[in-house]
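The structure appears right after this line, and notes come after that.
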Amino acid sequence: MRKFINGYYRLLNLLLGMSVGILVVPVTLQMISRFTQLIPAWIWTEELARFLFIWMVMLGAMIGVRDGSHFDVDVWPELKPRFNAAFRIFSMVFVLVFALVFVWYGIKFVQFGWTQPSELADLPMTYIFISWPLTGFTWLLFGWERMRADLLIVIDSAAPDDTSKLRDIGTGSVV
């Protein structure tokens, strides 16, 4: 399972990089067409940019949960590793609840857009709407992985409270 999750994480990073790179093209075409007469004003570029931006945000949110950087707000002072792990578990419970909301209403969103085409490119809106439940499922997968690692830190009563027990989920290196 660990190998699958690491491969999926690498795929998401690749897709995010590609979406950012591809997003440059329609946005550049829009800018050139608005301020010069070199190329005609293509309306489809706005729609493509919007769709790519939606996917870029969702991919970034998925990666952020795996990295532990998306829903992280440092309010508490740095405590012992077990207390920090307990706070991360508490926080991750809310992330997982939010992920379930994304899955539940995302599926309804996909069903809503099943027969709806986009306005200009005539693409099925399902290609866009599927990003919501996919994001929720990915948050559940990555969130459970992070929570499991933190649970092991909290439960491991024989281990000393030092930072050698903390492992970075994304790379497997010691933090």
Side-chain angles (χ1 to χ4, degrees), residues 1-24 50-114 125-175:
M1 185 67 167
R2 184 99 168 137
K3 195 174 186 179
F4 168 76
I5 291 174
N6 287 335
Y8 183 54
Y9 176 71
R10 283 192 302 274
L11 175 68
L12 290 175
N13 275 304
L14 177 71
L15 290 173
L16 179 61
M18 287 173 47
S19 69
V20 171
I22 295 170
L23 183 64
V24 170
R50 186 172 359 125
F51 293 164
L52 283 169
F53 187 71
I54 289 168
W55 270 104
M56 187 179 64
V57 167
M58 293 302 184
L59 289 167
M62 292 180 224
I63 291 168
V65 169
R66 174 78 191 281
D67 290 343
S69 60
H70 190 292
F71 296 105
D72 235 2
V73 179
D74 293 331
V75 177
W76 304 104
E78 192 63 30
L79 302 171
K80 292 184 177 185
R82 285 194 189 121
F83 289 116
N84 282 336
F87 280 128
R88 285 192 303 267
I89 290 169
F90 180 73
S91 172
M92 190 54 68
V93 167
F94 290 104
V95 172
L96 294 178
V97 167
F98 198 63
L100 289 172
V101 169
F102 259 56
V103 170
W104 178 260
Y105 288 105
I107 290 171
K108 292 181 181 294
F109 200 32
V110 169
Q111 291 169 344
F112 168 73
W114 198 259
M125 290 303 290
T126 304
Y127 295 149
I128 309 309
F129 295 165
I130 196 77
S131 64
W132 276 269
L134 181 64
T135 299
F137 282 121
T138 303
W139 284 348
L140 289 170
L141 179 71
F142 290 162
W144 175 249
E145 179 190 34
R146 290 193 69 80
M147 191 187 307
R148 191 175 145 264
D150 286 331
L151 279 170
L152 291 175
I153 293 170
V154 170
I155 292 172
D156 191 10
S157 60
D161 284 328
D162 63 8
T163 56
S164 66
K165 286 292 183 184
L166 294 175
R167 304 211 48 75
D168 181 11
I169 298 292
T171 61
S173 62
V174 176
V175 176

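It should be emphasised that the depicted structure is a prediction, and the values quoted were computed from it without experimental measurement.
- Checked against the 6.0 Å centroid threshold, Phe51 and Tyr127 do not count as a close aromatic pair.
- The CG atom of Asp156 sits 6.5 Å away from atom CZ of Arg82, with the distance rounded to the nearest 0.5 Å.
- A distance of 10.5 Å separates CZ in Phe112 from OG1 in Thr126, rounded to the nearest 0.5 Å.
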Report the C-alpha separation of Ile22 and Trp55 in whole Å, then their side-chain angles, then the decisive distance to 0.1 Å, and conclude whether the side-chain contact (heavy atoms from CB on, under 4.5 Å) test is met. CA-CA 12 Å; Ile22 295 170; Trp55 270 104; over 6 Å; no
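- Once rounded to the nearest 0.5 Å, the distance linking CZ of Arg2 with CD1 of Ile5 reads 7.0 Å.
- Panel note: side chain Thr135, backbone Ser131; a donor-acceptor pair is recorded below 3.5 Å.
- Ring orientation note: the planes of Trp139 and Phe102 are tilted relative to one another, at an angle of 30° to 60°.
- In this structure, Met147 and Val93 have side chains that are in contact, with non-hydrogen atoms separated by less than 4.5 Å.
- Minimum interatomic distance between Gly60 and Leu16 (heavy atoms only, all atoms of both residues): N-CD1, 4.1 Å.
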Please evaluate residues Ile54 and Phe129 with respect to the criterion side-chain contact (heavy atoms from CB on, under 4.5 Å), reporting the C-alpha separation (whole Å), side-chain torsions for both, the decisive distance (0.1 Å), and the verdict. CA-CA 9 Å; Ile54 289 168; Phe129 295 165; over 6 Å; no
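- Val110 and Pro133 make their closest contact through CG2-CG, 3.8 Å (heavy atoms, listed as atom of the first residue, atom of the second, distance).
- Below 30°, between 30° and 60°, or above 60°: for Phe90 and Phe94 the angle between ring planes is above 60°, a perpendicular geometry.
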Could you walk me through whether Met62 and Leu134 pass the side-chain contact (heavy atoms from CB on, under 4.5 Å) check? CA-CA 9 Å; Met62 292 180 224; Leu134 181 64; 4.3 Å; yes
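- Here the side chains of Asn6 and Arg66 are in contact, with some heavy-atom distance below 4.5 Å.
- Between Ala85 and Val154, the closest heavy-atom pair is CB-CG2, 3.7 Å.
- Residue Arg148 qualifies as open at atom CZ: its count of foreign heavy atoms under 6.0 Å is 12 or below.
- For the pair Trp114/Gln111, no side-chain contact is recorded, criterion being any heavy-atom separation below 4.5 Å from C-beta on.
- Heavy-atom neighbours of Phe53 CZ from other residues, nucleotides or ligands within 6.0 Å: at or below the threshold of 12.
- Ile153 contributes atom CD1, which lies 13.5 Å from atom CZ of Phe83 (distance to the nearest 0.5 angstrom).
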Audit row: Met58, Leu12, side-chain contact (heavy atoms from CB on, under 4.5 Å) steps and yes/no: CA-CA 10 Å; Met58 293 302 184; Leu12 290 175; over 6 Å; no
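- Ile155 CD1 to Asp150 CG: the interatomic distance, rounded to the nearest 0.5 Å, is 11.0 Å.
- Here the shortest heavy-atom pairing between Ser19 and Leu59 reads OG-CD1, 4.3 Å.
- Contact annotation: the side chain of Val95 approaches that of Met92 to within less than 4.5 Å [non-hydrogen atoms, C-beta and beyond].
- Distance check: Met1 CE to Phe4 CZ gives 6.5 Å after rounding to the nearest 0.5 Å.
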